[in-house]
Structures are given as C-alpha cells and as structure tokens.
Number of protein chains: 2
Amino acid sequence: MSSWATSSIETPTLAVSTVIFALRPNGDGCLQLATPLVRRIRAPFEGQWALPGGPLNTDEDLATSASHTLRDTTRLEPRYLEQLYAFGSVDRAGGKLAERVVSIVYWALVGADEADRAIQSENVQWFWADELPTLAFDHNQIIEYALGRLRNKIEYSRIAHVFLSETFTLAQLREVYEAVLGRELDPGNFRRMVESTGTVEETGERLAGTRHRPPKLYRATTITAGETK
Amino acid sequence: MSSWATSSIETPTLAVSTVIFALRPNGDGCLQLATPLVRRIRAPFEGQWALPGGPLNTDEDLATSASHTLRDTTRLEPRYLEQLYAFGSVDRAGGKLAERVVSIVYWALVGADEADRAIQSENVQWFWADELPTLAFDHNQIIEYALGRLRNKIEYSRIAHVFLSETFTLAQLREVYEAVLGRELDPGNFRRMVESTGTVEETGERLAGTRHRPPKLYRATTITAGETK
DNA sequence: GCAAAAGTGTTTGATATACACCCATGC
DNA sequence: GCATGGGTGTATATCAAACACTTTTGC
C-alpha cells in the first residue's frame, strides 16, 4: 500500500527554473534565439553558467515562482509561460554528496523589443541558444528539450506573435518562424497558412518607410476561450 | 537575484502520483478505459477516492517512484510510463491549514490481459475513466488531462499495442483505438494507416477459432533508437 | 449457400508545396 | 525605369476519408 506518511521530513528539495527565450539580432542582422543564463556563485558547478531559478517558496504557485525568477533575472515580464518538465534524477546534482534537488522547469518567451532592456552583468548574460557552453547540472539537455518544445509548438499554436510588438507585418512574423525553425519559408505559402488559421487580423494600416511596397500591419486576434495551447 | 539558498527547510512536500489506464471489457463486451483509485484513509478528503501515490523517497528517481506506486497499488508492471505534469497550486490540498504538497504526476498503461490480475479490495478499485465520482484534491482534472494526453498520443505514436498481448490481430488493435478515442474507425483505412507507419509486422500465423475468415496475427516492431515518443 | 469479418481497390476532397507572376512603393 | 519585397494565382503531389467490392472462414 502507498504509505503517504509522516510530514515533510526527508523529501528532496524542490526548485523552479526557467528557460527564457528571446529573439535578438545577430551579427548578420538576422534574428536568432537567445537565452539568458546566470553564473553559479557556489558549489556544485561554481563559476559555470546555469538556468535562472531558485527554491520554491511555500506560498508561491509554480508558475508564479517561474515568473518571479524571470523578473529577478532579466527584469522582463513573460509574454508566454508554460511548464516544461520536472527533472529529478537522483544523480543529476553532480556528486553523490550533493543534496537531492528536483527541478520543475518552465519555459518562457519574452518580446524581442523588450529583450534589449534586459539586464546583463558579470553574472547574467545572454547566449545564443544553439551555441551554448557546457552548463551546470543537466541544463544543456533541459534547454535542448525546451528548444524542441518551442519548435514543435510554434507549428500548431499561436505563440509566434509574442516575440513581436502589438502590430507587425507578415514578413516580421515569418522572420520569427524562420529564426525558430532554422529554415526559410515560402512567403506566399506562409501568408496563406497564417490567414487560414485566423490567428491574425488586419489593423487597416500599413508600415511606411520601407523602400518597397508598404506591407499591411496585423495584430494577433484575441484568444477564444480554451485555446491557450 | 535568485537566492538559491539555505538547505531544505520550508520547501513544500513532494509527492509522486500515477494515473493508471487499462482497457477492460464492460457490460456490452466492449473494451473501455478504466483506472484504479485508492480510498483515502486520512484527512484531508478522508474516505474519498484518489490517485495512487505517495511521497518521493530521497533515493528514488521520479519514474521509479511512479513505477513502485503502480506495483504497490495493482501488483502490475507498467507497459508504458510517462511524466504527465507537475501540479502545485498553493491551494490544491484543500483547506488553508493543510500542508503544501506538490505532486509530480505520471501516467501509465498496463496490458488488458494483466489488468484482471490486478488486486481489488475495500480500498482499491477500478473505475471507468469517463464515469468517475468526485475525487479528492484536483484529481478529477488530473485524470481528464491524462485522458487528453493519451487520446492525443495514440494518434501519432505507437503506444496502442501496449494494451494488447505480444501478438494481436489488426481488429484487436483497432478496437484499442476505438475504445481510447471513443469513436469507430474504418477497418480498411485503419489497416492502411497501421501498415504505412511500420509499427507492426506479420508473425506469419493466423488466429483460428473465429467464425469467419481467420485474421493474420501481428506483433509490434522493435523500436528504432530515439523513438519512444 | 449465407453471414460476418478479413482484406483490397478506387474515388474524392482537403491540404501542403513549388513556383510563376503581378503590384506598389522608394530611389 | 528598375529593384525589392508585398501579395496573388495555379499546378502538382501527398494524404485522409468514404465506400464499394472481393475473399475466406464457420455454420
């Protein structure tokens, strides 16, 4: 029988970490997926980069904790936040001597425009998501897993626009898809795909100042109940 | 800054629960999804039915704990086991006085043939997954969520055959799909679908004893690396 | 022969892709 | 005018669903 016993003694420590993604312009002027990491200031893995996170407070919901982590690390608000997975192997904390930690990991998206406002410091820096150094704990695998989830989810949900500001052109939206998926998309087919899903609507305005035909501006349609996923 | 501090005091209790699914013949002779629940023998929710589970031992991996829960509850081995979600709302344990519990929930599938061997008792019973009473905590929502995951996953993965014994006919496999999805499938199209995915292979034998043309027996093909999902 | 399910073939419609082409603006 | 991306149209391939039809067994 399951015992379900005797108060909270001897249960592993519970932490919440967050994989944060933003799109930032790289050297070529293209957008590229970036993620902020923090440098560990204590053992184990002292000095190495790791996911932002911390222990779960007793009075905080899981998502709230992830959200606070995000704000504490980057001063940004998440535009999208979703639970990724709970990682809890006995040996993931490194040495056998180390305390057992179970991490519930969230992943978050922040706007490209806001990401510039994010703080950077000696101990907080942005890395390109596909060019990471060796990180503390199992954090390399966790970010890989989060990347997979993002790439999968962008194909069937309406999360892409959270990288953009309130109004955007279809070319900008396409650039987001291309940066996340890592391949080029046909502009014509992309337009049809987006229009058929009904996730965007025209604002009636156009973007001026380009050196070609001015593109229409769109906004995301408001989500109809039960369609967060 | 994230503090990541000071040992394991004041972190919520961590529990692992498991949603167990099996297919069992109902009154009409059709297969139907069933799940075993345990009766709570202490407050909160004393006397109500709940998911099997228990606190996480310090020396146990998460999936191992789920597996042990399953064996302790039903004496069955899981044919399939996957993490579902971590539930951790501050108020999910009922009263404000209750201790904070974060549950990492797994879902598991067991074979239809084995499910009969599962124990039942005063405090452990099987319920039809779509006719549950009001359960303890947020366990009704959790099972709903697990059902959605199962129904979604059966469409794009090869988990269906775990409900069956080693060899099976395509009609039996189709019956599994129909029971899980809750709708009838075209036998011809189903055959083509299964054959095109390459998840089954012929054994060369046929099932005798039916009162019609004897159907071929199949077995599941062995999984090629990296395709658990 | 007849019933019943196994198994095959064909048609149709929806959807994704490739790609040709026209449109509207800045220069 | 011309370059450049915005935006539209169209042909093709792929795949899922519907359904007619043939096959093989028990009775």
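Just the heavy atoms: all of them, side chains too, but no hydrogens, waters or symmetry mates, feed the values below.
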(message) Assess, by modelled atom type and distance only, whether the side chains of A:R149 and A:N152 contain a donor and an acceptor separated by less than 3.5 Å.
(response) no
From C-beta outward on [X], which listed nucleotide comes closest to its side chain: [options]?
| X | options | value |
| --- | --- | --- |
| A:P215 | D:dG7, D:dG5, C:dG7 | D:dG7 |
| A:R206 | D:dT25, C:dA6, D:dG7 | D:dG7 |
| A:R174 | D:dG6, D:dG7, C:dT25 | D:dG6 |

(message) Any base atoms under 4.0 Å from B:A208, or only sugar-phosphate, or nothing? Heavy atoms, all strands.
(response) nothing
(request) Give one of base, sugar-phosphate or nothing for A:T210, where a contact means two heavy atoms less than 4.0 Å apart. (result) sugar-phosphate
Can we say [X] and [Y] salt-bridge, meaning some charged N sits less than 4.0 Å from an Asp/Glu carboxylate O?
| X | Y | value |
| --- | --- | --- |
| B:K216 | B:E205 | no |
| A:E155 | A:R151 | no |
| A:K153 | A:E82 | yes |
| A:E201 | A:R219 | yes |

(request) Go through residues 177-198 of chain A and report each residue with a non-hydrogen atom lying under 4.0 Å from DNA chain C, sorted by number. (result) A:D186, A:N189, A:R192
(request) Classify the side chain of B:R213 and the base of D:dT23 as holding, or not holding, a donor-acceptor pair under 3.5 Å. (result) yes
